[in-house]
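Both backbone and side-chain heavy atoms feed into the values below; hydrogens, waters and symmetry mates do not.
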Amino acid sequence: MAKIRHLTPPGFKRLTLDGGRVAYSPNTAVRDVHTLFLKDAGPIEYHDPGLDIIGHTRRGHHYYFKTDLKSAFDYVTYERLHAVVDGLGIDLRLLEPRDHFFHEQGEGGLIQGAPASPYLFEIYCRFGGLDFELGQYCEAAGLHCTRYVDDVLLSSDKRIGKRVGPSVRRVVGRYGFVLNDSKTKRVNTLEEPLEVLGYEIRGTRIDPKTKTMQKLYSSGYDADQRWSIRAWRKQVRRLNKKARE
């Protein structure tokens, strides 16, 4: 599938990030519109990715299927989100003007970098049916499943067969998403480590990714940031202790 290319929405500045990724930075007026929406829409609980991983390792799982939803924000259009938001009792007028929240007046998906986009994406996945149907499939297949934004991780104590990929593809496809084939893999963590969500899984143990730690310990980081690294290490030790309980 060809990469979707967008025009820069009004009130935003186009940014090119590492790896050629594109995001958009809102001006003050647009940011205020997003702030008002988030204030009125109400809070949503976000999960600690480390605790999500513990959900896999504490089961003794070491067979994994890892994938992500390719350019996921592009497929959450106003039309797809409309019924979900309305069903939650959120005033749809808060999503106006649409070009402050969506590309191409609502037909082009959520704007990467817009303050409300992560919230709206979670609303769509959690209450639009994706998480429920993916969970149902995994329960029937004897798999444990977590989704963290666009990252999807499945695990089992038995080898995961080749049929899982097409099955997951069909589930996410019903909600407009496609899998990123270049980031899809099956791994036995007893034989090779798996990097996911800022951690590395080896067997049933998790640690910060090696490349991430090397970057954090580079000379460009000040004392406060190094303190944060030590706090992160303490958190990892706590997670591994919890996994053994």
Side-chain angles (χ1 to χ4, degrees), residues 1-17 20-49 52 68-137 145-152 168-180 197:
M1 180 177 292
K3 183 176 179 61
I4 298 174
R5 298 185 181 276
H6 299 293
L7 297 175
T8 301
F12 286 84
K13 179 182 179 181
R14 181 186 175 97
L15 304 174
T16 301
L17 309 178
R21 296 179 298 117
V22 174
Y24 301 87
S25 177
N27 63 24
T28 302
V30 173
R31 187 176 295 277
D32 288 345
V33 171
H34 279 251
T35 300
L36 178 63
F37 169 80
L38 291 170
K39 180 180 179 180
D40 285 13
I44 186 171
E45 180 183 356
Y46 289 93
H47 304 290
D48 180 340
D52 279 347
D68 81 3
L69 307 176
K70 186 175 182 179
S71 302
F73 281 17
D74 284 339
Y75 300 100
V76 183
T77 62
Y78 180 83
E79 181 180 358
R80 288 194 171 118
L81 195 57
H82 178 282
V84 179
V85 171
D86 190 40
L88 292 172
I90 298 173
D91 189 347
L92 288 167
R93 292 174 296 181
L94 293 171
L95 291 177
E96 301 290 348
R98 292 186 195 178
D99 59 6
H100 284 181
F101 293 89
F102 303 90
H103 288 286
E104 287 79 57
Q105 294 292 326
E107 297 180 3
L110 295 168
I111 299 171
Q112 185 76 43
S117 289
Y119 179 95
L120 291 167
F121 181 81
E122 282 300 310
I123 288 292
Y124 179 69
C125 292
R126 294 188 192 186
F127 303 106
L130 172 64
D131 286 357
F132 177 76
E133 188 169 344
L134 194 57
Q136 278 195 320
Y137 162 73
C145 173
T146 54
R147 177 192 60 78
Y148 188 80
V149 193
D150 57 354
D151 286 289
V152 178
V168 173
R169 191 182 304 275
R170 283 193 294 272
V171 172
V172 304
R174 284 194 278 274
Y175 298 91
F177 297 116
V178 295
L179 297 186
N180 189 337
L197 300 177

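Not a single donor-acceptor pair under 3.5 Å links the side chain of Ser71 to the backbone N or O of Asp74. Judged by distance alone, the side chain of Arg169 and the main-chain N or O of Val178 form no donor-acceptor pair under 3.5 Å. Distance alone, capped at 3.5 Å, places no donor-acceptor pair between the Tyr75 side chain and the Lys70 backbone. In this structure a side-chain-to-backbone donor-acceptor pair under 3.5 Å is present from His34 to His100.
Side-chain contact between Phe73 and Leu120 is absent, with no heavy atoms from C-beta onward closer than 4.5 Å. At a threshold of 4.5 Å between non-hydrogen side-chain atoms, the residues Leu17 and Val22 do not count as touching. For the pair Phe177 and Cys125, the minimum side-chain heavy-atom distance is below 4.5 Å. In this structure the side chain of His103 reaches within 4.5 angstrom of the side chain of Ile111, judged on heavy atoms. Residues Tyr124 and Arg80 form a side-chain contact, since some pair of their non-hydrogen atoms from C-beta on lies under 4.5 Å apart.
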Review item, side-chain donor-acceptor pairs of residues 23-33, under 3.5 Å, at least two apart:
{"residue": "Tyr24", "atom": "OH", "partner": "Arg14", "partner atom": "NH1", "Å": "3.2"}
{"residue": "Asn27", "atom": "OD1", "partner": "Ala29", "partner atom": "N", "Å": "3.2"}
{"residue": "Asn27", "atom": "OD1", "partner": "Val30", "partner atom": "N", "Å": "2.9"}

With side chain to side chain contact (heavy atoms under 4.5 Å, CB included) as the test, would you mind laying out the steps for Phe37 and Tyr119 before giving the verdict?
CA-CA 10 Å; Phe37 169 80; Tyr119 179 95; 3.8 Å; yes
Working for side chain to side chain contact (heavy atoms under 4.5 Å, CB included), residues Ile44 and Ile123
CA-CA 8 Å; Ile44 186 171; Ile123 288 292; 4.2 Å; yes
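Side-chain contact, Glu133 with Tyr175: a donor N or O sits under 3.5 Å from an acceptor N or O.
A salt bridge links Arg147 with Glu122: the distance from a Lys NZ or Arg NE/NH1/NH2 to an Asp or Glu carboxylate oxygen falls below 4.0 Å.
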